[in-house]
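See structure below.
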2 protein chains.
Amino acid sequence: MRQDTRLSRLLHVLLHMAQTDAPMTSQHIAEMLGSNAVVVRRIMAGLREGGYVEAERGHGGGWRIIRRTEEITVLDVYRSLGSPDLFAFGFSNPQPSCLVEQSVNATIAESTETATAAILEKFATLRLSQIEAEVQERMSKRTRGRAADLG
Amino acid sequence: MRQDTRLSRLLHVLLHMAQTDAPMTSQHIAEMLGSNAVVVRRIMAGLREGGYVEAERGHGGGWRIIRRTEEITVLDVYRSLGSPDLFAFGFSNPQPSCLVEQSVNATIAESTETATAAILEKFATLRLSQIEAEVQERMSKRTRGRAADLG
DNA sequence: GCCTCATGTGATGTATGAAATTACAAGACT
DNA sequence: AGTCTTGTAATTTCATACATCACATGAGGC
């Protein structure tokens with residue numbers, strides 16, 4: 001099953017954007033992610049609509065974060081992606097006439113709904129600032145005394 | 001994101017198999033699932049190796065469940081599939097050198113690991129017999145007094 | 001004004017993996 | 001022997017996340 005990596009990419013981008021005041025171009029972000037400028041623009045569109053980032057065109061333009069990292073949760077970022085499916089498994093048939101299949105679906109749905117609620121609740125408590133703090137921890141642990149690799 | 005429907009299919013099959021003593025052919029099962037006999041054999045192989053079902057060849061052959069539905073949990077079935085990924089999202093880069101990306105991955109991993117543990121625990125408590133009981137409920141609620149559609 | 005740099009977005013191409021199909025070997029009953 | 005079944009490898013199909021291409025639009029710099 002191929003996985004959706006947009007949440008991971010978006011968080012990565014936002015944290016880098018929070019480290020600088022200068023706008024970052026889609027091209028620059030794409031190189032950081034090992035991705036493509038057009039893909040970056042597309043996944044940033046949701047964040048722009050959510051009011052978390054701004055884009056400026058022309059010379060010296062690019063993307064800039066316009067909220068403090070304390071004000072952005074992982075849930076906000078997830079919702080900016082359009083709240084994609086969290087689970088990799090689903091029903092073979094969403095509207096089965098077979099009663100057995102209906103019960104199987106109901107059983108699976110109950111499990112996934114419980115787990116979805118739990119993980120979204122977790123996402124709601126996770127702020128970008130907390131991830132930033134963890135980056136600082138990693139930096140002081142692993143590269144104490146020399147320039148850190150933030151690429 | 002395309003979803004993995006094998007768990008749903010397997011549970012569906014097993015419950016139908018539990019309703020009869022006669023062996024069910026892969027072809028018959030495939031028609032029930034709207035699938036293909038070869039696909040059925042493939043997903044049943046894990047259950048056979050787990051000791052939950054048996055296959056007999058030749059005339060009158062087919063698949064038969066060899067454990068009581070009280071003795072099979074959803075977790076058993078999930079494991080028979082090879083414990084596939086539960087989550088539809090993942091890391092863009094599993095071994096990043098970028099410290100920011102490492103922290104993002106760690107944050108996401110913590111959330112998914114917690115949720116995975118919770119849902120597997122739930123699967124471990126769910127027995128096929130409980131789904132069977134729910135089928136009975138649906139039958140008495142929806143088709144009281146006439147033959148039920150178990151196709 | 002014109003050129004360059006940037007975003008915005010529709011259209012198309014590529015890669016991946018689940019599912020479906022094809023093909024054939026082997027076992028079991030009639 | 002002939003038919004029905006499972007067991008599997010090989011191949012094709014199909015959905016879709018991601019990449020790329022093409023071009024319009026907006027914002028400096030000259």
Side-chain angles (χ1 to χ4, degrees), chain A residues 1-10 12-13 17 22-49 53-66 81-94, chain B residues 1-10 12-13 17 22-49 52-66 78 81-94:
Chain A
M1 174 70 52
R2 185 162 197 198
Q3 295 189 310
D4 185 339
T5 62
R6 290 176 298 164
L7 182 62
S8 153
R9 284 163 190 262
L10 255 186
H12 186 187
V13 167
M17 282 172 58
M24 293 176 65
T25 66
S26 302
Q27 185 60 42
H28 181 190
I29 294 170
E31 280 159 14
M32 281 192 323
L33 296 185
S35 178
N36 182 281
V38 177
V39 174
V40 169
R41 287 188 199 115
R42 251 188 265 282
I43 67 176
M44 294 296 277
L47 285 179
R48 186 186 54 224
E49 284 156 21
V53 300
E54 256 175 14
E56 283 167 34
R57 306 202 219 198
H59 278 283
W63 298 92
R64 215 163 25 195
I65 195 167
I66 57 174
L81 284 169
S83 303
D85 270 346
L86 291 177
F87 285 98
F89 61 97
F91 313 143
S92 52
N93 180 355
Chain B
M1 174 68 51
R2 185 163 197 199
Q3 296 190 309
D4 186 340
T5 61
R6 289 175 297 166
L7 181 63
S8 153
R9 284 162 191 261
L10 254 189
H12 186 186
V13 167
M17 283 173 57
M24 292 176 65
T25 67
S26 302
Q27 185 60 42
H28 180 190
I29 293 170
E31 280 160 14
M32 282 194 320
L33 296 184
S35 179
N36 182 281
V38 177
V39 174
V40 169
R41 286 187 200 117
R42 242 188 276 284
I43 66 177
M44 295 297 278
L47 285 178
R48 184 186 56 223
E49 283 155 23
Y52 303 109
V53 300
E54 256 175 13
E56 283 169 32
R57 306 201 219 199
H59 277 283
W63 297 92
R64 213 162 30 192
I65 194 166
I66 56 175
Y78 168 74
L81 283 170
S83 303
D85 270 346
L86 290 177
F87 285 97
F89 61 95
F91 312 142
S92 52
N93 179 354

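What you see is a predicted model; the values in this text were computed from it and never measured. Proteins get letters first, then strands, A, B, ... in listed order; numbering begins at 1 in each.
Within the 4.0 Å cut-off from OP1 or OP2 of D:dT20, at least one side-chain nitrogen or oxygen of A:N36 is found. An OP1 or OP2 oxygen of D:dT6 is reached within less than 4.0 angstrom by a side-chain nitrogen or oxygen of B:S26. OP1 and OP2 of C:dT7 both lie 4.0 Å or more from every side-chain N or O belonging to A:T25. Between C:dA18 and B:T5, no contact under 4.0 Å exists linking OP1 or OP2 to a side-chain N or O. Between B:R48 and D:dG7 there is a side-chain polar atom (N or O) within less than 4.0 angstrom of OP1 or OP2. Regarding contacts with the backbone of D:dT6, a side-chain N or O of B:R41 is found under 4.0 angstrom from either OP1 or OP2. The side chain of A:S35 places no N or O atom within less than 4.0 Å of a non-bridging phosphate oxygen (OP1 or OP2) of D:dC18.
In plain terms, the two heavy atoms of A:A37 and A:S26 that are nearest each other are O-CB, 3.8 Å. The minimum heavy-atom distance linking A:I29 with A:V40 is given by the pair CG2-CG1, 3.7 Å. Contact between B:H12 and B:M32 at its shortest, heavy atoms only, is CE1-O, 4.3 Å. Taking all atoms of both residues into account, the shortest heavy-atom contact from B:M17 to B:R64 is CE-C, 3.2 Å.
Nearest to the side chain of B:W63, among D:dC18, D:dT20, D:dG7, sits D:dG7. The listed nucleotides are C:dA19, C:dT9, C:dC5; the one nearest the side chain of A:H59 is C:dC5. Considering only side-chain atoms of B:A55, the nucleotide from D:dT6, C:dA20, C:dA11 that sits closest is D:dT6. Set against C:dT9, C:dA19, C:dA20, the side chain of B:R42 has C:dA20 as its closest nucleotide. Checking D:dG7, D:dA19, C:dA6 against the side-chain heavy atoms of B:R57 singles out D:dG7 as nearest. Of the candidates D:dT8, C:dG10, C:dA20, C:dG10 carries the atom nearest the A:V38 side chain, counting heavy atoms from C-beta on.
Between the side chain of B:Y52 and the backbone N or O of B:M44 there is no donor-acceptor pair closer than 3.5 Å. Side chain of A:T25 to backbone of A:H28: a donor-acceptor contact under 3.5 angstrom is found.
Where A:G60 and B:G34 each meet DNA chain C at their nearest nucleotide, the meeting point lying more 5' is that of A:G60. Residue order along DNA chain D, read from the 5' end via each residue's closest nucleotide, puts B:E49 first among B:E49 and A:R6.
In this structure, CD1 of B:I29 is placed 11 Å from P of D:dG7, rounded to the nearest angstrom. Per the geometry, NE2 belonging to B:H28 stands 17 Å off P belonging to D:dC4, to the nearest Å. When the C1' atom of D:dC4 is taken as reference, atom CD of B:Q27 falls 12 Å away, rounded to whole Å. Atom CZ in A:R64 sits about 14 Å away from atom P in D:dA27, given to the nearest Å. Rounded to an integer number of Å, the gap from CE of B:M24 to P of D:dC4 is 19 Å. Rounded to a whole Å, the CE atom of B:M44 is 16 Å from the C1' atom of D:dT8. Regarding A:I43, its CD1 atom lies at a distance of 15 Å from the C1' atom of C:dT9, rounded to whole Å. What separates CD of A:E31 from P of D:dA19 is a distance of 13 Å, to the nearest Å.
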